[in-house]
Amino acid sequence: MTPLLSVQGITKHYGTHIGCADVSFDLYPGEVMGIVGESGSGKSTLLNCMAGHLAPDAGRVVFDTRKPPQGDAADHENHGPRDTVTMSEPERRMLSRTDWAFVHQHARDGLRMGVSAGGNVGERLMAVGARNYASIRDQATDWLGRVEIDAGRIDDRPTTFSGGMQQRLQIARNLVTGPRLVFMDEPTGGLDVSVQARLLDLLRGLVRDMGLSAIIVTHDLAVVRLLADRIMVMKSGRVVESGLTDQVLDDPQHAYSQLLVSSVLQV
Ligand SMILES: Nc1ncnc2c1ncn2[C@@H]1O[C@H](COP(=O)(O)OP(=O)(O)OP(=O)(O)O)[C@@H](O)[C@H]1O
């Protein structure tokens with residue numbers, strides 16, 4: 001099977017300082033990969049390099065692009081595994097609007113706060129060519145329901161929403177176009193514990209129902225335990241251990257992973 005995403009030797013320095021070094025892994029369709037590690041271990045740098053927000057110094061991020069539904073013959077020949085690091089900026093931008101999604105830790109970074117909830121979701125559909133207002137509004141209403149936001153709030157701005165609602169709206173905005181790969185940066189970070197649990201439950205349902213592939217960065221092992229099939233443990237910019245989530249969390253081999261797991265168990 002062709003990996004959906006193949007990350008090969010991704011390295012990023014900030015001056016002489018290592019952000020992340022020589023990270024490689026394959027992600028297969030329907031798989032969820034968790035990236036864990038303490039603050040400063042390089043998780044966000046790696047995620048941003050993979051998602052095209054940062055240019056890596058070295059390495060490839062090969063994504064198995066799909067045939068466009070319409071387009072000229074040249075477009076059709078361009079599908080299949082492509083290195084997104086060297087792809088043109090417009091192509092990468094198109095990918096970010098269609099097959100890729102990015103859920104930010106802070107909902108306000110992923111939402112347009114001055115636009116209504118329905119507008120936030122509908123705007124994404126318009127970006128991929130939807131034009132029929134009634135159908136856009138119907139899909140927005142449907143998605144608000146799927147993320148447990150009352151349809152009566154469709155015309156309200158996210159500024160009037162609680163933190164948990166804003167995060168759920170950001171998720172709806174990201175998933176409405178049916179992406180194949182979702183990057184998530186601490187999706188439950190900064191929320192109250194009870195709000196986190198509800199959001200995790202919701203995310204788990206969506207990942208399962210939509211068969212999503214995802215890469216989730218978190219320092220919260222409960223998040224990866226619930227959502228990720230596999231995890232990579234990072235320390236000082238490098239991957240020190242990787243494997244099936246339960247195996248790594250129940251029987252960590254690397255001293256640093258053992259420390260990470262035991263420090264959580266002591267909480
Ligand atoms: N813009 C930057 N300029 C210089 N150094 C940076 C920059 N961003 C990150 N770093 C450094 O790169 C390393 C990796 O940081 P990164 O933010 O990727 O880690 P992280 O695991 O995501 O941490 P956190 O959980 O706190 O976000 C750290 O040593 C950090 O200080």
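Fair warning: this is a prediction, and the values are worked out from it, not measured in the lab. Numbering of ligands and ligand atoms starts at 1, following listing order. Every heavy atom of this structure was used, including side-chain atoms; hydrogens, water molecules and symmetry mates were not.
Of the protein's non-hydrogen atoms, S39 OG, 2.6 Å is the one closest to atom 26 (O) of ligand 1. Protein heavy atom nearest atom 23 (O) of ligand 1, with residue, atom name and distance: G40 N, 2.7 Å. Of the protein's non-hydrogen atoms, the one nearest atom 1 (N) of ligand 1 is Y14 CE2, 3.7 Å. Protein heavy atom at the shortest distance from atom 15 (O) of ligand 1 is T45 OG1, 3.8 Å. Protein heavy atom closest to atom 21 (O) of ligand 1, with residue, atom name and distance, is K43 NZ, 2.9 Å. For atom 19 (O) of ligand 1, the closest heavy atom belonging to the protein is G42 N, 3.1 Å. The protein atom (non-hydrogen) at minimum distance from atom 17 (O) of ligand 1 is S44 CB, 4.0 Å. Among all non-hydrogen protein atoms, the one lying nearest atom 30 (C) of ligand 1 is H17 NE2, 4.4 Å.
No side-chain donor-acceptor contact under 3.5 Å links D22 and T11. Using modelled atom types, one finds a donor on one side chain and an acceptor on the other under 3.5 Å when comparing T160 with R153.
Close to ligand 1: E38, with a non-hydrogen atom less than 4.0 angstrom away.
Although no hydrogens or angles enter the test, the distance criterion places no donor-acceptor pair under 3.5 Å between the side chain of Q105 and the main chain of T218.
Taking a cutoff of 4.0 Å between a charged side-chain nitrogen and a carboxylate oxygen, R225 and D246 qualify as a salt bridge. A salt bridge links D155 to R137: one of the charged nitrogens lies within less than 4.0 Å of a carboxylate oxygen.
Of the candidates V176, V182, L203, I171 forms a side-chain contact (heavy atoms from CB on, under 4.5 Å) with just one, namely L203.
For the pair R124 and N174, the minimum side-chain heavy-atom distance is below 4.5 Å.
If you number the atoms of ligand 1 from 1 as listed, the ones under 4.0 Å from a heavy atom of S41 come out as 19 (O), 20 (P), 21 (O).
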